[in-house]
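Residue numbers start from 1 in every chain, and the chains themselves are labelled A, B, ... in the order their sequence lines are given, proteins ahead of strands.
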Amino acid sequence: MIRRRFIFLILILLALYGDIVFGVARVPIFTLVLCGIVFIYEFISSYIYTSR
Amino acid sequence: MTYLSDRKRNKRKYWYYSIFFIVCASIIYFWPVFRTHIYPYTEGATVSYGETKGWFSNTFAQVYSYFSSRNSLLEKNKTLSLTIERLENQLADKDAHLKESIMLHESGTVHEESTLVMYPIMQDVTHVYSNIILSKGFRDGIVEHGLVYIRGRQAVCSITEVYNRTSLCTLFSASNQKVEGVTASSSLTLYLQGAGGGSYIAEVPRDSIIEIGDTIYLKSNQTMILGTIIDIARDDQLSSWYVYVRGVYNPLTSNVFYMNQ
């Protein structure tokens, strides 16, 4: 579980770096999309594991 | 696992979600300031990306030309040479007219402008165009609020941030950006609001002398084109009409940008 969250943190930091280097929009798009995916995954995974 | 310890774990989970949400919201809210401070340290990566991108597209063009027939390449070369010659003639002609009119107005002193050529390192190819990262910065003579245009003296953006080797240019057609334009035919002033996607919307008084197809020029520099009127919403029950202007910027075809120094 901790390793998974560590990987998510690394991915979010990479997305943030990409937004700083390549960002031309007013919001950090890559970071937002990745945060959304991580949030949905974390939210859904708790229901997946409890139903087993 | 008992119910009580599970409740503690859920409470901790909600704390994590709340902190995560607050951090995301803070980053979004303070993003322009945050990015402006951090970007100078990562500028090297942006420049390297621009150079690598250029190298890849040049390599691809070379591989393609290696496998193309010689005749087709010669034909293409000839067409391009003729186009260059025609454009150089047009430019020289316009330059001569411009110098003549400057000399008539300013008794004898002609100011020679040099033009900076820039390439986009990063463009937003979605329909939410707002900014472009250009390949020139402080050390190339880029200044803030400089006017950037594409071929045919078509204004697209204004420099908002300047760094050492790159600069950020905000499009006139970015959402909620405002720019003043004038029509060629009736010299009517339009207050254009960027609608994203390279387009503008303006409100004009009813019965204004304005037609579809009119060219809109930048009010502060009337040698620069902003766009063309593509539609006018005429509702006689309202006191004003809405004018839709198609801007000149297209991230797929705009590959070279210019700025006068």
- Task: Test side-chain contact (heavy atoms from CB on, under 4.5 Å) on B:Ile133 and A:Phe22 and set out the steps.
- Result: CA-CA 8 Å; B:Ile133 298 179; A:Phe22 304 121; 5.9 Å; no

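Highest contact tally toward chain A, considering only B:Tyr41, B:Phe21, B:Tyr29, B:Tyr39, is held by B:Tyr39 [criterion: heavy-atom pairs under 4.5 Å].
Between B:Ile27 and A:Pro28 the shortest heavy-atom distance is CG2-CG, 4.1 Å. The nearest pair of heavy atoms linking A:Ile20 to B:Phe34 is CD1-CE2, 4.1 Å.
Taking CH2 of B:Trp31 as the reference point, atom CG of A:Leu16 lies at 5.0 Å (rounded to 0.5 Å).
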